[in-house]
K.L.:
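Structure in structure tokens, see below.
So you know, we letter chains A, B, ... as the sequences are listed, proteins then strands, and number each from 1.
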Amino acid sequence: SAVISQKPSRDICQRGTSLTIQCQVDSQVTMMFWYRQQPGQSLTLIATANQGSEATYESGFVIDKFPISRPNLTFSTLTVSNMSPEDSSIYLCSVSTGTVNFFGPGTRLTVL
Amino acid sequence: AQKVTQAQTEISVVEKEDVTLDCVYETRDTTYYLFWYKQPPSGELVFLIRRNSFDEQNEISGRYSWNFQKSTSSFNFTITASQVVDSAVYFCALSRRISGNTGKLIFGQGTTLQVKP
């Protein structure tokens, strides 16, 4: 298994500002992912965080809005840039251990 | 393209009833993985099961059982003798098999299960 922590656990931000979310895993993993879960909705993949190279974004998500860093095999950050109320969601970090995908506890973001 | 459909948006049962959550998937891949996750009101995603596409054996774990039918592209989840603690949102998900490993997950819309005492 993998133990995943995220910081912050929640935040309330003003429109137009940016927030960086950190994801730390207790073991080295090859594949890390960032998901968004809008209120009452399912999980939508934002991007795959690639170690040492640019993230791979899903359709509808762009690097300027959601820049991602992955400096090593245990850590990644997701920034939500120039936020608007529509960005209010839970953001979840996930990893593949090869056999199972585990999820962090999520970061609950509210944009006013 | 890959797609997962959970047609049941909400299900309400009385405690001790059996309940089946449906999951239908679409993929062009010949090998893939299927998952079920539970999201209780606290919000964390709890892994329940992973099934390989080449393993169609049904699985039972306590009150939980899963029925995988490749012919109908379905991976249904049954809770026997439901309990109030089973109340949660349940997600079915699909992943490609990448060099034998799981990859990114595509999720269904989720089914909200309410178990009343």
K.L.:
Is the number of heavy atoms from other residues, nucleotides or ligands within 6.0 Å of CZ (A:R108) greater than 12?
P.N.:
no
K.L.:
Do A:I63 and A:L78 sit in the same hydrophobic cluster, where Ile, Leu, Val, Met, Phe, Trp and Tyr count as joined when their side-chain heavy atoms come under 4.5 Å apart?
P.N.:
yes
K.L.:
Tell me whether A:F103 is reachable from B:V89 by hopping between hydrophobic residues (I, L, V, M, F, W, Y) whose side-chain heavy atoms are closer than 4.5 Å.
P.N.:
yes
K.L.:
Count the heavy-atom pairs under 4.5 Å between each of B:G108, B:S95, B:G103 and chain A, then report the option with the highest count.
P.N.:
B:G103
K.L.:
Is the closest side-chain heavy-atom distance between A:L43 and B:L45 below 4.5 Å?
P.N.:
yes
K.L.:
Please give me the minimum heavy-atom distance between B:F107 and A:S42, naming the atom from each residue.
P.N.:
CB-OG, 3.4 Å
K.L.:
For chain A, which of B:V46, B:N52, B:T102 has the most heavy-atom pairs under 4.5 Å?
P.N.:
B:T102
K.L.:
Only heavy atoms, only distances under 4.5 angstrom. Which residues in residues 1-36 of chain B are near chain A?
P.N.:
B:F35
K.L.:
Do A:M31 and A:F75 land in one hydrophobic cluster if side-chain heavy atoms of ILVMFWY residues count as linked below 4.5 Å?
P.N.:
no
K.L.:
Quick one: CZ on A:F102 to CD on B:E44, what's the gap to the nearest 0.5 Å?
P.N.:
13.5 Å
K.L.:
Let me confirm one number: the CD1-CG distance from B:I106 to A:L45, rounded to the nearest 0.5 Å.
P.N.:
6.5 Å
K.L.:
Atom CD1 of B:I98 and atom OG of A:S96: how far apart are they, to the nearest 0.5 Å?
P.N.:
8.0 Å
K.L.:
Please report the closest heavy-atom contact between A:Q41 and B:F91, naming both atoms and the distance.
P.N.:
O-CZ, 4.2 Å
K.L.:
How about CZ on B:R96, more than 12 heavy atoms from neighbouring residues, nucleotides or ligands closer than 6.0 Å, or not?
P.N.:
no
K.L.:
Please say whether more than 12 non-hydrogen atoms of neighbouring residues, nucleotides or ligands are located less than 6.0 Å from CG in A:L112.
P.N.:
yes
K.L.:
Please classify the contact between A:I90 and chain B as side chain, backbone, both or neither, with a heavy-atom cut-off of under 4.5 Å.
P.N.:
neither
K.L.:
So, do A:N101 and B:Y37 sit near enough that their side-chain heavy atoms are less than 4.5 Å apart?
P.N.:
yes
K.L.:
Within a radius of less than 6.0 Å around NZ of B:K70, do more than 12 heavy atoms belonging to other residues, nucleotides or ligands occur?
P.N.:
yes
K.L.:
Check the hydrophobic clustering (I, L, V, M, F, W, Y; side-chain heavy atoms under 4.5 Å; chains of links allowed) and say if B:L48 and B:F75 are grouped together.
P.N.:
yes
K.L.:
If hydrophobic clusters are built by linking Ile, Leu, Val, Met, Phe, Trp and Tyr wherever their side-chain heavy atoms come under 4.5 Å apart, do A:W34 and A:F61 end up in the same one?
P.N.:
yes
